[in-house]
Amino acid sequence: MIIGNGRVITHDENSPYFENGAVLIKNGKIIDVDSFDSMKKRYPEEIVMDVENRLIMPGLINTHHHIYSAFARGMKSSEVVPKNFLDILENLWWKVDKKLTHEDIKYSALTTYIDSVKNGITTLFDHHAGPNSISGSLDVIAEAANTVGIRSCLCYEVSDRDGTKILNEGIEENIRFIKRCKNEKSNMLKGMFGLHASFTLSDESLKKCQEALKGTDVGYHVHIAEGHDDLKDSLERYGEGVVKRLQRYGVLGEKTIGVHCIHIDESEMDILKNTETNVVHNPESNMGNAVGCSPILEMFSKGINLGLGTDGYTNDMFESLKVGNIIHKHEKRNPSVAWTEIPTMLFKNNRKIAQKYFEGEFGILKKNAVADLIVVDYDPLTEMNEENYNSHLLFGVAGKDVVTTIIDGKIIMKDRKILTLNEKEVFKNSRIVSKKMWLRD
């Protein structure tokens, strides 16, 4: 069909914008992009979805999320007042993940995926944790992704914090799921190898992970120097920074996602660059956890491939775009920075990361690219053109403005209604299941 009669942002440098454009999709691919009038004349037999002057643009990619965190929303907080990031981990997230059953994981995933689709996300990289429900947990999330119709890359967070048995189960879950995805050869589902962080993994554990991953052709998904405790642990126990330690165990590389990278020095930035490691910035989470501001501008200037994620804080990538823009202005006390870097991370580099796992071109509207696109109900109050559309996206658009989401050529949401399942029923059941989880010891 032709999706047209709207302003088209392609993110294709050769033809970035059409004032009144259209996109033809067929069999999960984009066949053509041009002006609406030209497309109707060229393909008179095609069904037309008239977007009525709305905005048409590529679907968004979230390169770091924690689906399991969904059930913390509204939960009674710990009586311990957190004084640092480690307090937050111990008294919130490490209590939540221990309570999770497969039913909890299912509804965390269904609701998160629904909300993501409603915010225009078409591809999502998740980092799962749940030490008392590891075996098969990635299959549960994968089934939810398949039900909703969203593209996902999944992994399980391996760490020492619950003992050797749980560590080994986490390694096995990652490898089993990676092999499953390899065998299925689906372009909607992929696997990575999840690690929590340097400070929760001994040398022996990292050696186990390194050995297990051999021959899989995938990378790691790991938090790097998010909190100062991670750096302190690495310096005191191993005499080096987190990046340098992880490099010794082959964790870094072109298919690895290193999340945060806040407490690192310039020599470690050079290591990330030289190993082609992908670094994902999560500005809202960093602010909420008070862990500091990642040196994104410095890493960007070195040519490190920097992506943008949400870290479970939100499902709205437009929101992260906005916060990413202002946090670095605030940190540098310079209003002229971050105009270029943050949009590049979301709209260009996130697709580079996705393309390392999924086949085809993503995050772009051009011939032969994957047909992932969204329609946004945005009527600009000033002129919109190929030179200023990023300003409109930054200051004018929010996730809730997305009205239609198409993934792999299939309409998953139309006019704010999810077509693949009963959203109200899912959220009703989720409220029941989450309340049971809250009460569970």
Side-chain angles (χ1 to χ4, degrees), residues 63-66 84-86 88-89 93 125-129 153 155-161 174 192-203 205-206 209-210 213 218-283 285-287 289-300 302-313 324 345 349-350 353 356:
T63 47
H64 181 64
H65 207 316
H66 290 295
N84 52 48
F85 181 49
L86 195 57
I88 294 172
L89 289 175
W93 301 120
F125 285 69
D126 189 62
H127 193 273
H128 179 61
C153 185
C155 68
Y156 182 81
E157 172 189 290
V158 173
S159 83
D160 289 334
R161 63 187 171 90
N174 277 313
M192 296 182 72
F193 195 109
L195 302 174
H196 175 245
S198 172
F199 77 101
T200 59
L201 286 160
S202 67
D203 284 349
S205 295
L206 285 173
C209 294
Q210 186 179 28
L213 197 62
V218 303
Y220 296 92
H221 192 157
V222 55
H223 303 98
I224 297 179
E226 178 179 6
H228 189 266
D229 287 304
D230 198 10
L231 173 60
K232 181 181 177 183
D233 175 85
S234 192
L235 291 174
E236 291 181 352
R237 295 172 64 191
Y238 309 106
E240 59 190 347
V242 176
V243 171
K244 292 177 181 177
R245 178 175 183 239
L246 294 179
Q247 184 191 29
R248 285 197 290 112
Y249 292 97
V251 172
L252 308 181
E254 64 175 348
K255 285 195 170 182
T256 285
I257 292 176
V259 189
H260 305 299
C261 294
I262 297 173
H263 302 284
I264 63 175
D265 61 26
E266 187 170 358
S267 67
E268 291 179 301
M269 293 183 202
D270 291 335
I271 292 171
L272 293 169
K273 166 64 177 174
N274 294 334
T275 56
E276 300 182 56
T277 301
N278 308 283
V279 174
V280 175
H281 183 36
N282 302 267
S285 170
N286 295 164
M287 293 174 74
N289 289 325
V291 290
C293 183
S294 183
I296 288 300
L297 304 182
E298 291 80 358
M299 284 192 276
F300 191 93
K302 285 181 176 289
I304 295 169
N305 191 49
L306 294 162
L308 193 68
T310 64
D311 200 27
Y313 194 92
M345 289 158 59
N349 293 349
N350 271 8
I353 295 171
K356 293 180 180 184

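Basis for what follows: all heavy atoms, side chains included, without hydrogens, waters or symmetry-related copies.
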Testing the basics here: between [X] and [Y], what is the closest heavy-atom pair and its distance to 0.1 Å?
X	Y	value
G250	Q210	N-NE2, 3.8 Å
P295	I262	CD-O, 3.5 Å
M192	V218	CA-CG2, 4.4 Å
G307	I353	CA-CD1, 4.1 Å
A129	R161	CB-NH2, 4.5 Å
I264	E268	CA-OE1, 3.3 Å

Sole residue of V222, I224, N274 in side chain to side chain contact (heavy atoms under 4.5 Å, CB included) with L252: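 Single pass found, and it is I224.
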Would you indicate whether [X], at its atom [atom1], is surrounded by more than 12 heavy atoms from other residues, nucleotides or ligands within a distance under 6.0 Å?
X	atom1	result
E266	CD	no
F300	CZ	yes
K302	NZ	yes

Side chain to side chain contact (heavy atoms under 4.5 Å, CB included) between D230 and H263, intermediate numbers included: CA-CA 8 Å; D230 198 10; H263 302 284; over 6 Å; no
Could you check if a side-chain atom of [X] sits within less than 4.5 angstrom of a side-chain atom of [Y], using non-hydrogen atoms only?
X	Y	value
F199	R237	no
P283	L308	yes
M345	N350	no
N349	T63	no
F125	I257	yes

Partner residues of D265 under the salt bridge (charged side-chain N to carboxylate O under 4.0 Å, His left out) criterion, sequence neighbours left out: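 For D265, no residue satisfies salt bridge (charged side-chain N to carboxylate O under 4.0 Å, His left out) once neighbours in sequence are set aside.
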Residues which pass salt bridge (charged side-chain N to carboxylate O under 4.0 Å, His left out) with K273, listed by chain and number, not counting sequence neighbours: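 None.
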With rounding to the nearest 0.5 angstrom, report the [atom1] to [atom2] distance, [X] to [Y].
X	Y	atom1	atom2	answer
E254	E276	CD	CD	5.5 Å
M287	S285	CE	OG	11.0 Å
L231	E236	CG	CD	9.5 Å
M299	L272	CE	CG	7.0 Å
H221	H128	NE2	NE2	13.5 Å
I304	C261	CD1	SG	7.5 Å

Side chain to side chain donor-acceptor pair (under 3.5 Å) partners of H66, counting only residues at least two apart: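 H66: side chain to side chain donor-acceptor pair (under 3.5 Å) contacts with H64, H223, D311.
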Exercise: do [X] and [Y] side chains pair donor with acceptor under 3.5 Å:
X	Y	answer
S205	D160	yes
K255	N278	no
K244	S234	no

Partner set under side chain to side chain contact (heavy atoms under 4.5 Å, CB included) for H65, not counting sequence neighbours: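 H65: side chain to side chain contact (heavy atoms under 4.5 Å, CB included) contacts with N62, T112, L124, D126, T310, N315.
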Any residue meeting side chain to side chain contact (heavy atoms under 4.5 Å, CB included) with D203, in chain and number order, not counting sequence neighbours: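 Partners of D203 by the side chain to side chain contact (heavy atoms under 4.5 Å, CB included) criterion, ordered by chain and then number, come out as Y238, R245, R248, Y249.
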F193: ring-ring contact (aromatic ring centres under 6.0 Å, His included) partners, not counting sequence neighbours: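 Listed in chain order: Y220.
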Residues V158, L201; criterion side chain to side chain contact (heavy atoms under 4.5 Å, CB included); working and verdict: CA-CA 8 Å; V158 173; L201 286 160; 4.2 Å; yes
Chi angles and distances behind the side chain to side chain contact (heavy atoms under 4.5 Å, CB included) call for H260, N286: CA-CA 8 Å; H260 305 299; N286 295 164; 3.1 Å; yes
Test item: N84 side-chain N/O and L86 main-chain N/O as donor-acceptor pair under 3.5 Å: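 Side chain of N84 to backbone of L86, a donor-acceptor pair under 3.5 Å: yes, one is there.
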Derivation and outcome, side chain to side chain contact (heavy atoms under 4.5 Å, CB included), residues V259 and H127: CA-CA 10 Å; V259 189; H127 193 273; 5.9 Å; no
